[in-house]
Amino acid sequence: MATATPLHEHEAEARARRPLARRMRAARRPRILFEIGLIAVSYWVYSLIRNAVPEHETHAMRNAHWIWDIEKSMGLAFEHAVNHGINSVTWLIVTMNYYYATLHFLVTIGILVWLYRRQAGRYAAARTALFSTTGVALLGYYFFPLAPPRLMTGGDFVDTVVVHGTWGSMASGNMANVSNQYAAMPSMHIGWSAWCGVIIVLLARPWWAKALGVLYPTLTLVVIVATANHFWLDAVGGLICLAFGFGVAYCWYGDHLHRLPRRAAAQRRQSTGPAQAEPEAANERPVAQVS
């Protein structure tokens with residue numbers, strides 16, 4: 001008489017027969033080494049492509065004046081006043097220079113780590129939104145080279161990094177020679193900070209954390225304007241890219257980020273059979289973990 005096949009073997013066979021796309025869309029606990037490698041390679045490719053785009057200084061200057069004229073026609077060309085006003089407070093503008101140079105990376109990486117550790121079932125969708133946002137921004141850099149206000153001819157903006165100095169900034173010193181200074185539209189400082197803000201507001205529980213989620217991209221907008229690294233319309237471009245990124249994640253995973261399962265299923269053990277993940281809420285469903 002044939003012996004019964006253990007339940008977990010049936011489930012493993014069923015998962016193996018699923019279409020590849022369906023298995024890729026499943027909310028699952030990612031492999032840490034794969035994610036670290038993916039992030040590192042993706043950022044390297046992004047930087048390589050971004051900096052390889054022809055700078056076209058003449059075209060970038062023309063676009064900058066065009067953006068500036070649009071903002072003037074709207075009565076919202078406030079960048080000059082903010083730049084000069086905050087530059088007069090040395091400690092504040094120096095702080096903003098370092099904010100611009102560092103938090104862009106530190107906060108984004110911190111949110112990714114938090115998602116991986118505490119929101120594993122939602123990590124892949126959030127990461128997909130971030131990567132899609134960043135990827136589509138490359139089209140803006142290629143097709144719309146734009147000089148930031150600090151480099152715009154005749155704009156009378158203060159280049160706060162040059163005036164006050166910011167160690168490690170990609171916008172000054174020798175580092176400026178290896179970074180495309182005319183890749184300003186869209187602003188990924190806004191795209192990434194708004195991604196962080198949305199993630200925190202949707203997924204964090206404490207009210208103070210949600211407040212920080214609103215405050216962070218708001219402060220980033222002030223910083224990019226005060227340091228004359230972006231026009232405020234560059235921020236609009238960043239938000240459009242972010243909307244595209246979340247749209248890609250929604251289409252791929254079939255639901256809004258905050259409605260995906262918070263946790264992946266517990267690791268299955270051969271000796272005891274499949275373990276079920278404990279859903280956090282009634283609308284959450286357990287999902288398989290990558291073995």
Side-chain angles (χ1 to χ4, degrees), residues 24-44 46-47 98-135 137 187-221 223 238-239 241-250 252-267 277-281 283-291:
M24 290 177 64
R25 284 195 297 268
R28 60 185 68 192
R29 182 177 296 279
R31 293 188 176 118
I32 183 63
L33 293 180
F34 173 80
E35 289 301 318
I36 292 175
L38 179 63
I39 292 171
V41 170
S42 298
Y43 184 73
W44 175 76
Y46 165 75
S47 299
Y98 282 103
Y99 179 114
Y100 184 88
T102 60
L103 291 192
H104 179 52
F105 304 102
L106 297 179
V107 176
T108 305
I109 292 173
I111 295 297
L112 286 170
V113 171
W114 174 72
L115 284 169
Y116 183 87
R117 291 177 58 86
R118 305 298 296 273
Q119 307 268 347
R122 296 161 175 166
Y123 173 88
R127 179 250 289 146
T128 298
L130 179 63
F131 282 23
S132 299
T133 298
T134 307
S187 168
M188 278 299 93
H189 273 75
I190 290 298
W192 287 14
S193 65
W195 175 85
C196 293
V198 170
I199 295 298
I200 294 172
V201 169
L202 288 179
L203 304 184
R205 292 179 176 178
W207 67 267
W208 56 265
K210 294 181 181 293
L212 288 177
V214 174
L215 183 63
Y216 175 52
T218 303
L219 284 177
T220 301
L221 176 60
V223 166
L239 294 177
C241 291
L242 181 65
F244 172 83
F246 275 112
V248 169
Y250 176 84
W252 183 252
Y253 291 94
D255 209 341
H256 295 289
L257 176 67
H258 63 285
R259 298 185 62 182
L260 294 174
R262 180 173 182 267
R263 297 176 182 171
Q267 179 70 37
E278 182 179 350
E280 177 150 298
N283 66 336
E284 293 190 350
R285 56 191 182 279
V287 293
Q289 177 171 340
V290 178
S291 57

Atom pair [atom1]/[atom2] of [X] and [Y] - distance to nearest 0.5 Å:
| X | Y | atom1 | atom2 | result |
| --- | --- | --- | --- | --- |
| Thr218 | Leu212 | OG1 | CG | 11.0 Å |
| Tyr250 | Leu260 | OH | CG | 10.5 Å |
| Thr102 | Leu106 | OG1 | CG | 5.5 Å |
| Phe244 | Leu239 | CZ | CG | 15.5 Å |

Which heavy-atom pair separates [X] from [Y] by the least distance, and what is that distance?
| X | Y | value |
| --- | --- | --- |
| Ile111 | Cys196 | CG1-SG, 3.9 Å |
| Tyr253 | Ala125 | CE1-CA, 3.5 Å |
| Cys241 | Met188 | CB-CE, 4.1 Å |
| Ile200 | Ala209 | CG2-O, 3.0 Å |
| Leu103 | Tyr216 | O-OH, 3.2 Å |
| Ala129 | Trp195 | CB-NE1, 4.2 Å |

Check whether any side-chain heavy atom of Leu130 sits under 4.5 Å from a side-chain heavy atom of Ile199, and report yes or no. no

Considering only heavy atoms from C-beta outward, does the side chain of Leu115 approach that of Leu203 to under 4.5 Å? yes

Test Ser193 against every option in Val107, Thr220, Val198, Leu242 by the side chain to side chain contact (heavy atoms under 4.5 Å, CB included) rule and name the one that passes. Thr220

Using the ring of each side chain (for Trp, its six-membered ring), is His104 parallel, tilted or perpendicular to Trp192, with breaks at 30° and 60°? parallel

Are the side chain of Arg122 and the backbone of His258 linked by a donor-acceptor contact shorter than 3.5 Å? yes

Which residues share a side-chain hydrogen bond (donor to acceptor under 3.5 Å, both in side chains) with Thr133, sequence neighbours left out: none

